[in-house]
Amino acid sequence: MTDPYPRGVLPPELALPILARAGEAICLVDGRQSLLPIVWVNPAFERLTGYAASEVLGKNPRFLQGGDRDQAEIAGLRRALEAGEPVTVTLRNYRSDGSMFWNELRLEPLEAAGGLWWVGFSRDISVHRQMATDLGRRRDELEGLRSQLSQVDPLDRVTGLYNHRKFEAELERTWFICAREKRPIALFDFAPDFFDFYRETFGSTAADSCLRMVGRAISGCFRRASDVVARTDEVRFCALAVDMDGEKAMAHADRVISRARELSIHNPRSPGGRFLTLSAAVAVTEPGPGGGLEAFADGARRARESAQARAWETVVRASDGASGDGPEESGGAP
């Protein structure tokens, strides 16, 4: 028996059932008539729009736009219809219950029966549009947040030095650079001795002025481009230096303390003498791949606080990391 249909040719009697069963909404428009009426729709079109076939036959598909005709893509749709060219547009369409949906409409021209016909394929992309809108809004929110963060002042308002947020960021950056390049990093932790006596005696305005002078004295001792100095707490200053071993770092901290003493800032009620003094802790290590940054920074702070509880105008060497080794002291008063 000979097959009446060559391979690759769709039997005509199957074409309509296939279109009727398609999941995509399909309508057929008679382009031979000036009204461009709908002459056939499949069940998926009825489900998408909420209109029964009997309600749409003979109407121009634009009725789905309702009164919402001010849409940018309508002009492109008209040009394609006039030129007889395929087109894909996204339009706001309205179901029979008045609800809006985003219709991705693809029109394909078809020459048949002595004229031009149009096959329309519609797809509801409302969910995708909403997702895109939400993502765009979220992107805008993130950009706004980044902009706000970039505008956060990295400087301490009293001393003009970096604040604690900026110092923590610089410490983390320097730590990983030194870990990668196998270079030593030195962390200096400074604080004035008996500063509460100074504030009680002279008041907060004078205390701020005193901290500015101490901050300038400290920062004046760290002049290399890679050095970082910050006021990290109310009466705490920290500094970073790279390529400085423990012996050099301790000697450098002694110079900073001497510079502070040379300011001759009167602190008459201090148990440590008539002038304001400074104490420090130094932590030096070569960062490894295993981390230890928090223990390193916390070790310097604890070493300085411990030393200040026993003496004043002293420099101590903090243990490297969190080994628990006691600090080495240099100078200071009993």
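Taking the six-membered ring for Trp and thresholds of 30 and 60 degrees, F296 and W175 have ring planes inclined between 30 and 60 degrees apart. Between H266 and F275, the ring-plane angle classifies as tilted under the 30° and 60° cut-offs. Note on ring orientation: taking the six-membered ring where Trp is involved, the planes of F197 and F194 are perpendicular (angle over 60°, cut-offs 30° and 60°).
Of all heavy-atom pairs spanning C178 and P184, the tightest one is SG-O, 4.0 Å. Closest approach of R231 and E234 over heavy atoms only: NH2-O, 2.7 Å. For N103 against N93, the heavy-atom pair with the smallest separation is ND2-OD1, 2.9 Å. E73 approaches L91 most closely through the heavy-atom pair CB-CD2, 4.1 Å. Contact record, A318 with G299: CB-O, 3.7 Å, taken as the closest heavy-atom pair. Contact record, D97 with S99: OD1-OG, 2.7 Å, taken as the closest heavy-atom pair.
In this structure a side-chain-to-backbone donor-acceptor pair under 3.5 Å is missing from N163 to R157. Judged by distance alone, with hydrogens and angles left aside, the side-chain atoms of W117 form no donor-acceptor pair with the main-chain N or O of L28 at under 3.5 Å. Listed for the S279 side chain is a donor-acceptor partner under 3.5 Å among the backbone atoms of T314. In this structure, the side chain of R47 does not engage the main chain of G50 through any donor-acceptor pair within 3.5 Å. In this structure, D233 contributes its side chain and R236 its backbone to no donor-acceptor pair below 3.5 Å. Side chain of R301 to main chain of A297: no donor-acceptor pair is present (N/O by atom type, distance under 3.5 Å, no hydrogens or angles). Between the side chain of T174 and the backbone N or O of L171 there is no donor-acceptor pair closer than 3.5 Å. Distance alone, capped at 3.5 Å, places no donor-acceptor pair between the S306 side chain and the R302 backbone. Between the side chain of D193 and the backbone N or O of E313 there is at least one donor-acceptor pair closer than 3.5 Å.
Counting heavy atoms from C-beta on, the side chains of M213 and L276 never come closer than 4.5 Å. Counting heavy atoms from C-beta on, the side chains of W102 and R92 come closer than 4.5 Å. For the pair F195 and N267, the minimum side-chain heavy-atom distance is 4.5 Å or more. In this structure, the side chains of Y198 and C210 come closer than 4.5 Å at one or more pairs of heavy atoms. Considering only heavy atoms from C-beta on, F188 stays 4.5 Å or farther from V229 through its side chain. T232 places none of its side-chain heavy atoms less than 4.5 Å from the side chain of E168. Inter-residue side-chain proximity for E111 and L116 is flagged as met; some heavy-atom pair is nearer than 4.5 Å.
A side-chain hydrogen bond (donor to acceptor under 3.5 Å, both in side chains) check over residues 79-88, counting only residues at least two apart or in different chains, returns nothing.
Heavy-atom contacts from other residues, nucleotides or ligands closer than 6.0 Å to CD of E55 number more than 12. In this structure, R78 places its CZ atom where only 12 or fewer heavy-atom neighbours from other residues, nucleotides or ligands lie under 6.0 Å away. For CZ of F101, the number of neighbouring non-hydrogen atoms (other residues, nucleotides, ligands) closer than 6.0 Å is greater than 12. Counting non-hydrogen atoms of other residues, nucleotides and ligands closer than 6.0 Å to CE of M131 gives a total of 12 or fewer. Heavy-atom neighbours of E247 CD from other residues, nucleotides or ligands within 6.0 Å: at or below the threshold of 12.
Each of L161, D189, V256 was checked for a side-chain contact (heavy atoms from CB on, under 4.5 Å) with F237, and the lone residue meeting it is L161.
In the hydrophobic clustering of ILVMFWY residues, with side-chain heavy atoms under 4.5 Å counting as a link, I218 and V242 come out apart. Linking Ile, Leu, Val, Met, Phe, Trp and Tyr whenever their side-chain heavy atoms come within less than 4.5 Å leaves F121 and I38 in two separate clusters.
Ion pairing between a basic and an acidic side chain is recognised when a charged N comes within 4.0 Å of a carboxylate O; R224 and D243 show no such pairing. Contact check on R137 versus D134 returns a salt bridge, with a Lys/Arg side-chain nitrogen under 4.0 Å from an Asp/Glu carboxylate oxygen. Here D227 does not pair with R223 in a salt bridge; the nearest charged N to carboxylate O distance is not below 4.0 Å.
Looking at residues two or more places apart in sequence or on another chain, you find a side-chain contact (heavy atoms from CB on, under 4.5 Å) between R173 and E170, I177.
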